[in-house]
2 protein chains.
Amino acid sequence: MHLKSKYKKLLNNALEAGGQRSTKQREHIFALLLEKRDHPTADEIFARARSGMSTISLATVYNCLETLVETKLIRQVNFEREPTRYCPNLTQHAHFYCRESGDIVDIELPEKVLSELMQVLPKGFSAQHIEIAYDGKCNDCHDAVN
Amino acid sequence: MHLKSKYKKLLNNALEAGGQRSTKQREHIFALLLEKRDHPTADEIFARARSGMSTISLATVYNCLETLVETKLIRQVNFEREPTRYCPNLTQHAHFYCRESGDIVDIELPEKVLSELMQVLPKGFSAQHIEIAYDGKCNDCHDAVN
DNA sequence: CTATATGCAAATAGTTTGCCTGTTA
DNA sequence: TAACAGGCAAACTATTTGCATATAG
């Protein structure tokens, strides 16, 4: 089975499980998020979506993204007050934001570090989720001659 | 020396160091952030500021907060798309957001955990800052009978 | 006295909503 | 064919900006 049918099945199963319908727009947006995993904003997704689906609207992009987040196929990534970005990597990971290039890179987190972060919580606190965001200078920007 | 003159001196030194003027409004806002350290939003700060300084405007609240952040007397805290909150605790710490009460609690982070988080970064990456946000259920909300 | 901060109102950016039409199951 | 999704424009919220007046150094 090729990639396209694989994600289609994944998408349709998840939508069905959440009592949601499968539509061209949802499929299109999910496909382009998987294709280029660079944490685009809704506006960027809208721009990409229009090539190949010229009639799609920005509101639909927002609606589809919301549905995909609810069905847990993608997640949102926020940096300060910047526009929300979208990420199809569902493993527990952090994000690194490069101040120079603006690139966002996934950072894998060892289980050990995660469990230590949980142990740091005071008695009586339980966390459902930890969001970890680094910011600094990425590999490429260190390599580049300044 | 009582608290009031202590923070006044701290504020004035920091402002002077940053080439910024000392104003009634800046002082008032800094004082109320220190007084009730509950991570208020700009709107909440505006409401509190007006009792005691009825003529202050929301734009001035934003301007003062920006100045205080720039002079490193306070820091901003962001949760998802929610309005920015302000925090006078300058130690390296994380935030815990309780989904039930909406309260935000400072979580102290041991040096060891922080250095492990730095070591997790791929070769060539350097971070200036790590932002860590937990969300879940706080102590008080666990204790309460549901 | 002069640069800078305040206060007000209008502007902006990102996102959401309402309403009508089109599509899916 | 009934319920839900899409498209468009208008609304909304948090924040920023422009400009005239007030204030700090």
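Below, read A as the first sequence line, B as the second, and so on, with proteins coming before strands; counting in each chain starts at 1. Just so it is clear, the model here is predicted, and its values are computed rather than measured. Just so you know, these numbers use all the heavy atoms, side chains as well, and skip hydrogens, waters and symmetry mates.
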Test side chain to side chain donor-acceptor pair (under 3.5 Å) on B/Asn89 and B/Thr91; report intermediate values, then the result. CA-CA 6 Å; B/Asn89 176 352; B/Thr91 65; 2.7 Å; yes
Counting only side-chain N and O atoms of B/Tyr62, is one of them less than 4.0 Å from OP1 or OP2 of D/dT16? no
To the nearest Å, how far apart are A/Glu44 CD and C/dA13 P? 16 Å
Between B/Ser22 and B/Asn78, just flag the one whose closest nucleotide in DNA chain D comes earlier from the 5' side. B/Asn78
Are the charged groups of B/Arg75 and B/Glu131 less than 4.0 angstrom apart, N to O? yes
Tell me which nucleotide among C/dG7, C/dT17, D/dA24 gets nearest to the side chain of B/Ile56. C/dG7
NA contact type, A/Leu58, heavy-atom cut-off 4.0 Å: base, sugar-phosphate, or nothing? base
Among C/dT6, D/dA3, C/dA3, the nucleotide that comes nearest once only the side chain of A/Arg21 is considered: D/dA3
Within the 3.5 Å criterion, strictly below it, is a donor on B/Arg85 or B/Gln76 matched to an acceptor on the partner's side chain? no
Base, sugar-phosphate, or nothing for B/Thr41, non-hydrogen atoms under 4.0 angstrom? nothing
Pair A/Glu80, A/Tyr97: side-chain N/O donor-acceptor within cut-off below 3.5 Å: no
Spacing of A/Arg85 atom CZ relative to C/dA13 atom C1', expressed in whole Å: 14 Å
Touch class at under 4.0 angstrom, heavy-atom based, for A/Thr23 against every strand present: sugar-phosphate
Which part of the nucleic acid does A/Thr67 contact within heavy-atom distance under 4.0 Å: base, sugar-phosphate only, or nothing? nothing
Is B/Glu108 atom CD crowded by more than 12 heavy atoms from other residues, nucleotides or ligands, each under 6.0 Å away? yes
Within the pair B/Ser57 and C/dT6, is there a side-chain N or O less than 4.0 Å away from OP1 or OP2? no
Once you round it to whole Å, what is the distance between P of C/dT21 and CG of A/Asn63? 19 Å
Taking 4.0 Å as the cut-off, does a side-chain nitrogen or oxygen of B/Gln25 come that near to OP1 or OP2 on D/dT23? no
What is the distance, to the nearest angstrom, from the CD1 atom on A/Ile45 to the P atom on C/dT15? 10 Å
For B/Leu15 and C/dT4, give me the distance from atom CG to atom C1', rounded to whole Å. 13 Å
Mind calculating the distance between CZ (B/Arg50) and C1' (C/dC8) to the nearest angstrom? 13 Å
Just the rounded figure in Å: distance from C1' of C/dT24 to CD of A/Gln20. 13 Å
Quick one: B/Glu80 CD to D/dA14 P, roughly how many Å, whole number? 15 Å
Heavy atoms only, 4.0 Å cut-off, all strands: where does B/Thr55 land among base, sugar-phosphate and nothing? sugar-phosphate
Can you check whether any acceptor in the base of D/dA14 is under 3.5 Å from a donor in the side chain of B/Arg81, or vice versa? no
